[in-house]
Each structure stands twice: as C-alpha cells, then as structure tokens.
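Single-structure report; data block below.
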There are 2 protein chains.
Amino acid sequence: MALPATGNSTMTLYTVSQIARRTGLTVRTLHHYEAKGLLNPAARSGAGYRLYGSYELLRLQHIVSLKMLGFSLKEILACLDVEAPSLAEALARQVDRLREVVVRQQELLRRLERIAQQAINGETIDSETLLNSIEASTIMEKYFTHEQLETIKQRGDTLGPERIKAVEQSWPHVIAGMQAALTLEKDPASEEVQLLARRWRTLVREFTGGNAEIQRSMNTMFREDAATMQAKTGIDPALMAYASKAISLLRD
Amino acid sequence: MALPATGNSTMTLYTVSQIARRTGLTVRTLHHYEAKGLLNPAARSGAGYRLYGSYELLRLQHIVSLKMLGFSLKEILACLDVEAPSLAEALARQVDRLREVVVRQQELLRRLERIAQQAINGETIDSETLLNSIEASTIMEKYFTHEQLETIKQRGDTLGPERIKAVEQSWPHVIAGMQAALTLEKDPASEEVQLLARRWRTLVREFTGGNAEIQRSMNTMFREDAATMQAKTGIDPALMAYASKAISLLRD
DNA sequence: CTGCGGCCTGACGTTGCGTGAGGGTCAAGC
DNA sequence: GCTTGACCCTCACGCAACGTCAGGCCGCAG
C-alpha cells in the first residue's frame with residue numbers, strides 16, 4: 001500500500017480543481033497543504049499547473065480523515081511523513097485532549113445555562129446587574145462544588161425572583177448599619193447590634209438555606225478573596241468578624 | 001453604577017502592570033484591548049504612560065468575565081459599548097452556540113474513542129491499515145446511526161481481532177472470484193457462483209450480525225457512495241447487483 | 001482573434017494575543 | 001550628576017488554517 005511518490009508516469013493525473021472536487025476541499029487549501037509540505041503534486045505541466053496522481057489522492061484522503069479527527073496540520077505531517085511515530089499513540093493523545101476539552105466545555109455550558117436562566121427568570125434586562133451576577137458566579141465557581149451550585153440555583157428557583165431581589169436590596173442597609181456599629185465600636189451584645197445581627201443571619205440563611213456546607217464554602221470565599229468580596233459586597237474581614245461575633249451572641 | 005469615563009481626577013490611578021496584576025492579564029493584553037477599542041486608559045501620564053481609574057478596572061473585569069464565557073472581543077465590544085443590545089440575548093445565543101459545539105465535540109469524541117479502541121484491540125501498529133479503518137469509519141458515520149455503530153462495535157468486540165482479521169483477509173478472494181464470474185458472464189445459478197455467493201453471504205453476515213437495519217444501511221452506503229466504496233473494496237454497483245442476484249438464488 | 005474558464009504566484013485579512021526590537025522614563029543608590 | 005534596574009512606550013512579526021482578492025499566463029471554442 002505504501003507506494004512511493006515516484007509512481008510511473010503512465011498513471012492518470014488530475015488537476016487541482018479535479019482533486020478539490022473529489023475531496024471536497026478548495027484549491028486554496030491544496031495550495032496551502034503544498035506550502036506546508038503536506039502534499040506535493042506528483043508533477044507540474046509545462047505551464048506550471050499542478051498535477052496529482054492516485055498516490056497523492058490517497059494521501060490527501062488520509063490528511064482529510066486525520067483533520068476531521070481534530071489533528072493539526074503539523075501533527076498530520078508528523079503522522080504521515082515519517083513511518084515511525086505510531087498513529088495509534090497520536091490517536092490516544094487526541095482522545096485525551098478532546099476529553100479534557102469536552103469536560104471544560106460542558107462545565108462552561110452549565111455555567112452559561114445557569115446564568116442565562118437567571119437572566120430570564122429575573123427579567124434582568126439591566127446589563128450592569130447581569131454582569132455583576134456573572135462575576136459573582138465566576139468567583140463562586142472557585143469556592144462551591146457543582147452540587148452546591150446546583151442546590152443554590154434550585155433554592156433560587158423556589159424562592160422566586162422577587163424574593164431574591166428583596167434580599168439583595170436589604171443587604172446594603174444591614175451592611176451599612178453593621179459597619180456603622182463597628183466604626184462606633186458598639187458592643188456586639190448591645191440590643192441595637194443584636195437586632196442587626198438577627199437580620200444579618202436571616203439574610204445569610206436566605207442564601208445558604210441553612211446548609212452548613214454552603215455556609216462553610218461561603219466563609220472560605222470571603223476569607224480567601226477578601227479584596228474582591230469587599231469590593232462587591234462592602235464586607236471586609238473586620239466587618240465579617242464583628243458580624244460573626246454579634247451573631248454568636250444571639251440568644252434563641 | 002454606570003459611571004461615565006470622565007471621572008474626577010482625584011480618583012486613584014493605576015499603571016498597566018498594576019491593572020494587569022489585579023486582573024490576571026498581561027500588559028500586552030491591555031495594549032491589545034486598547035487597540036481594539038475595548039478599554040481605553042482614563043488618562044496618560046506626561047511620559048505617555050497609560051493610567052487607568054476604577055471605572056476602567058470595573059469595565060475590564062466585565063470584559064474578563066464575558067471572555068471567560070466564550071465571547072469574542074468583538075461581541076464583548078458590542079455588549080459593553082452600546083447600552084442597547086441586551087446582554088441577555090447575547091447570553092442566550094452563546095448558550096445555543098456552545099450547546100452545538102459540545103454536541104459536535106461529543107460525537108467526535110465517541111468516534112475517536114471507537115477508533116482508538118479498535119487500534120488497541122487489533123494491535124494495529126500498521127498506520128496504513130489504521131488509516132483505512134479511519135476512513136471506513138468516516139464513511140460509515142454518514143450511513144449508520146449511532147446505535148448501529150455501537151452495535152457494530154460491540155459485535156467486533158465479541159468476535160475478537162483475529163476473527164475480524166480473518167474475515168477481512170477472506171474478502172478479497174471472494175470479491176475477485178465473483179468479479180471473475182461476472183466478467184465471464186457465468187450463470188449466477190451455477191454451482192461455482194452459488195458457492196461464492198454462499199461465502200459472500202457468510203462474510204456479510206459476519207459484519208451485519210444478521211441485523212436487517214444494518215444490512216439496509218450498508219446497501220445504501222454502497223449505492224450512494226459507489227465510487228468510494230469501489231475504490232476501497234473493489235465492489236462496484238454491477239458486481240453488487242450480480243452478487244445479490246446470486247445470493248437470492250441460494251437454496252436453503 | 002477574442003472570450004471565458006482554469007491556473008499561477010504573491011500577499012493581505014482573520015482571532016487573540018506572545019515575543020522581541022529599539023528606545024524613553026523613573027526612583028534609588030553612589 | 002551618573003548609572004542601574006524596573007517600567008513604560010511604539011512598532012511589527014509570528015502563529016493556524018485557510019479566505020479572498022489582484023494581476024497575469026494558458027488553453028480551447030467560436
């Protein structure tokens with residue numbers, strides 16, 4: 001099968017466009033493959049026209065096949081040019097690569113679907129808000145597991161958009177109040193701060209649904225990505241510690 | 001939130017490398033985004049150094065987020081530059097696109113896995129043979145359903161590599177015999193041709209496993225892609241018709 | 001002889017930057 | 001004041017796999 005390129009000159013020869021039609025490629029592509037050293041014409045006519053023989057046609061079909069499997073031209077050249085470097089190995093590598101790609105794409109798809117769903121549910125036509133929630137999800141991807149994210153999403157679905165919006169609108173006020181109390185060095189056990197703490201805890205539970213794992217992941221997120229979280233929520237580690245202290249002092 | 005870019009000059013300003021560090025991008029990338037009109041510095045220092053404010057940082061984070069969702073720079077520009085063209089819509093489109101991509105990749109992965117498996121099973125270190133079977137699978141993808149391909153693969157697994165190899169080696173002889181009979185215009189009912197027909201049918205059944213659907217798909221393949229099939233197997237429509245006739249005359 | 005289709009060789013455009021080349025700028029130490 | 005490193009600037013080429021002209025030669029039919 002491995003015929004040498006120096007075939008007998010009595011074999012039928014084809015022009016570029018004929019080869020292109022037979023393989024479904026374009027003439028330009030054949031030029032390109034020649035430039036890359038993938039496929040040289042068997043000969044040239046007097047006028048310099050490219051002429052391909054059956055060996056070239058066969059080789060081109062091999063090239064097309066490998067290209068359809070996702071190999072780059074460079075890899076194809078390596079597979080076809082030398083006899084040695086085992087096509088089977090290349091196939092195995094390609095399978096591994098593609099598997100990773102598929103996994104990543106699927107994860108991305110899941111994220112996108114979650115975000116898009118959220119955008120539709122919330123009637124969020126406001127780009128600013130939407131971008132903020134996208135960024136929130138970006139960070140959350142780092143700290144929550146897939147199951148946790150799924151749980152959170154389902155919880156969001158059951159709560160409904162108005163409820164979520166209400167919660168989101170409540171946060172700034174509570175945060176500001178807590179921050180003020182911290183700045184004024186009020187006693188976390190004082191009645192005023194305890195009231196804030198109760199509201200704070202309620203809002204947190206609104207998000208965590210009382211799930212301890214989610215609570216832990218959230219705490220980790222605030223600890224590790226303190227700068228970002230402060231920028232997004234206004235909660236810095238000091239405030240977090242103060243609020244936690246106040247909540248721990250709640251009696252009920 | 002939608003602060004104009006013309007912020008007050010008292011805001012803290014950052015240099016390129018500072019912005020790069022904060023966003024995990026490279027300086028070159030920031031240059032690129034500026035060239036593409038995605039993100040212009042808030043100002044330039046006397047020496048021409050790029051200076052970014054908090055608005056630019058925010059915008060850049062949005063850009064990064066959208067890029068992570070798979071949008072192209074052009075799309076991001078469209079989403080961010082004008083307020084109008086609804087990000088939610090773009091998200092929906094992106095979901096659709098990605099879904100299609102994932103499906104295609106998964107199909108390709110399945111094909112690759114089948115081929116790689118076959119390469120490992122058959123100890124096929126011979127690139128020529130492997131390439132031929134890849135091409136066979138390429139064509140088969142066109143005519144067989146996924147279930148059929150799965151059935152064929154499983155049948156191949158149960159038969160084992162030696163059996164398959166034996167079948168493949170038997171074919172050329174049978175085909176040559178049948179072709180000779182056709183050329184000599186021998187009676188399909190004659191004892192000699194009937195013997196060939198019986199062997200032919202056996203080989204076909206070895207492949208189809210007696211599955212009528214697979215048989216039909218195979219026939220379609222030989223009909224629609226006659227040229228290719230002739231090149232690969234040596235069976236042209238005329239020979240196929242002759243063989244079919246002979247098989248239909250078999251008595252048992 | 002002219003026209004039309006096919007072929008040729010450059011060579012630039014695309015996407016998202018990486019990677020220098022060649023040359024100013026800035027704060028610090030001598 | 002001078003040097004040294006760390007930064008910064010603006011070109012500008014490179015990659016992958018071709019698409020898409022531009023300008024011009026070849027060959028055959030009318």
Side-chain angles (χ1 to χ4, degrees), chain A residues 13-53 56 59-60 62-81 90 94 97-98 101 104 108, chain B residues 13-53 56 60 62-80 90 94 97-98 101 104 108:
Chain A
L13 292 173
Y14 311 89
T15 68
V16 256
S17 57
Q18 285 170 337
I19 292 283
R21 261 195 299 275
R22 272 171 181 263
T23 55
L25 301 174
T26 69
V27 171
R28 173 65 178 117
T29 300
L30 292 172
H31 288 180
H32 187 57
Y33 288 175
E34 185 181 351
K36 290 288 173 182
L38 261 176
L39 183 75
N40 292 114
R44 292 276 190 154
S45 78
Y49 287 21
R50 273 163 259 256
L51 297 173
Y52 301 85
E56 283 73 29
R59 181 175 168 97
L60 186 53
H62 291 338
I63 293 171
V64 170
S65 298
L66 291 177
K67 201 159 64 75
M68 286 202 301
L69 294 183
F71 288 99
S72 73
L73 297 189
K74 194 182 291 183
E75 290 167 323
I76 294 174
L77 185 58
C79 289
L80 294 182
D81 237 30
Q94 178 67 6
R97 279 201 321 217
L98 192 55
V101 169
R104 264 206 297 271
L108 180 53
Chain B
L13 292 174
Y14 311 91
T15 68
V16 257
S17 57
Q18 285 171 336
I19 292 283
R21 262 195 298 277
R22 271 171 180 262
T23 54
L25 300 175
T26 70
V27 172
R28 172 64 177 119
T29 301
L30 293 172
H31 290 179
H32 187 60
Y33 289 174
E34 185 180 351
K36 291 288 174 181
L38 260 175
L39 184 74
N40 292 113
R44 294 274 192 155
S45 78
Y49 288 19
R50 273 165 257 258
L51 297 173
Y52 300 86
E56 283 73 28
L60 185 52
H62 291 168
I63 292 171
V64 171
S65 297
L66 292 178
K67 201 159 63 75
M68 287 202 300
L69 295 184
F71 288 99
S72 74
L73 298 188
K74 194 182 292 182
E75 290 167 323
I76 295 175
L77 185 58
C79 288
L80 293 183
Q94 178 67 5
R97 278 202 321 217
L98 192 54
V101 170
R104 264 206 297 272
L108 179 54

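A note on names: the letters A, B, ... follow the listed sequences, proteins ahead of strands, and every chain is numbered from 1. No hydrogens, no waters, no symmetry mates; every other heavy atom, side chains included, goes into these values.
The distance between atom CG of A:L77 and atom P of D:dC18, rounded to the nearest whole Å, is 14 Å. At whole-Å resolution of the value, CG in B:L51 and P in D:dC8 are 10 Å apart.
Across all non-hydrogen atoms, the minimal contact from B:M68 to A:L108 is O-CD1, 3.4 Å. Heavy atoms only, all atoms of each residue included: B:A20 and B:V27 are closest at CB-N, 4.1 Å. Residues B:L51 and B:S45 come closest through the heavy atom pair CD1-N, 3.7 Å.
Looking at residues two or more places apart in sequence or on another chain, you find no salt bridge (charged side-chain N to carboxylate O under 4.0 Å, His left out) involving B:R22. Taking B:T26 as the reference, B:T29 meet the side chain to side chain donor-acceptor pair (under 3.5 Å) condition, with sequence neighbours excluded. Residues forming a side chain to side chain donor-acceptor pair (under 3.5 Å) with B:Q94 (at least two apart in sequence, or on another chain): B:R97. For B:R21, there are no salt bridge (charged side-chain N to carboxylate O under 4.0 Å, His left out) partners two or more places apart in sequence or in a different chain. Considering only residues two or more places apart in sequence or on other chains, A:T23 meets the side chain to side chain donor-acceptor pair (under 3.5 Å) condition with none of them. In terms of the side-chain contact (heavy atoms from CB on, under 4.5 Å) criterion, A:A35 has no residue partners (sequence neighbours excluded).
Within residues 23-34 of chain B, the residues having any heavy atom closer than 4.0 Å to DNA chain D are, in order of number, B:R28, B:H31. Contacts with DNA chain D (heavy atom under 4.0 Å) in residues 65-72 of chain B: none are found.
Side-chain contact between A:E56 and A:I19 is absent, with no heavy-atom pair separated by less than 4.5 Å. Counting heavy atoms from C-beta outward, A:L25 and A:L60 have side chains that approach closer than 4.5 Å. Counting only heavy atoms from C-beta outward, the side chains of A:H32 and A:L38 never approach each other to under 4.5 Å.
Rounding to the nearest 0.5 Å places OG1 of B:T15 at 9.5 Å from OH of B:Y49.
Relative to the axis of its first five pairs, the axis of the last five pairs of the helix from C:dC1-D:dG30 to C:dC30-D:dG1 sits at 40°, rounded to 10 degrees.
Between A:K36 and the phosphate of D:dA17, there is no side-chain N or O to OP1/OP2 separation shorter than 4.0 Å.
With a cutoff of under 4.0 Å to any heavy atom of chain A, the contacted region of DNA chain C is bounded 5' to 3' by C:dG6 to C:dA11.
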Review point. When you look at A:L13 and A:Y52, which way does the side-chain contact (heavy atoms from CB on, under 4.5 Å) test go after all the steps?
Key: CA-CA 5 Å; A:L13 292 173; A:Y52 301 85; over 6 Å; no
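Residue pairs meeting the salt bridge (charged side-chain N to carboxylate O under 4.0 Å, His left out) criterion with at least one member in residues 23-38 of chain A, sequence neighbours excluded: A:E34-A:R44, A:E34-A:R50.
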Output one line per pair: protein atom, nucleotide atom from nucleotides 23-29 of chain D, and distance, for all N/O pairs under 3.5 Å.
{"residue": "D:dC26", "atom": "O4'", "partner": "A:Y49", "partner atom": "OH", "Å": "3.2"}

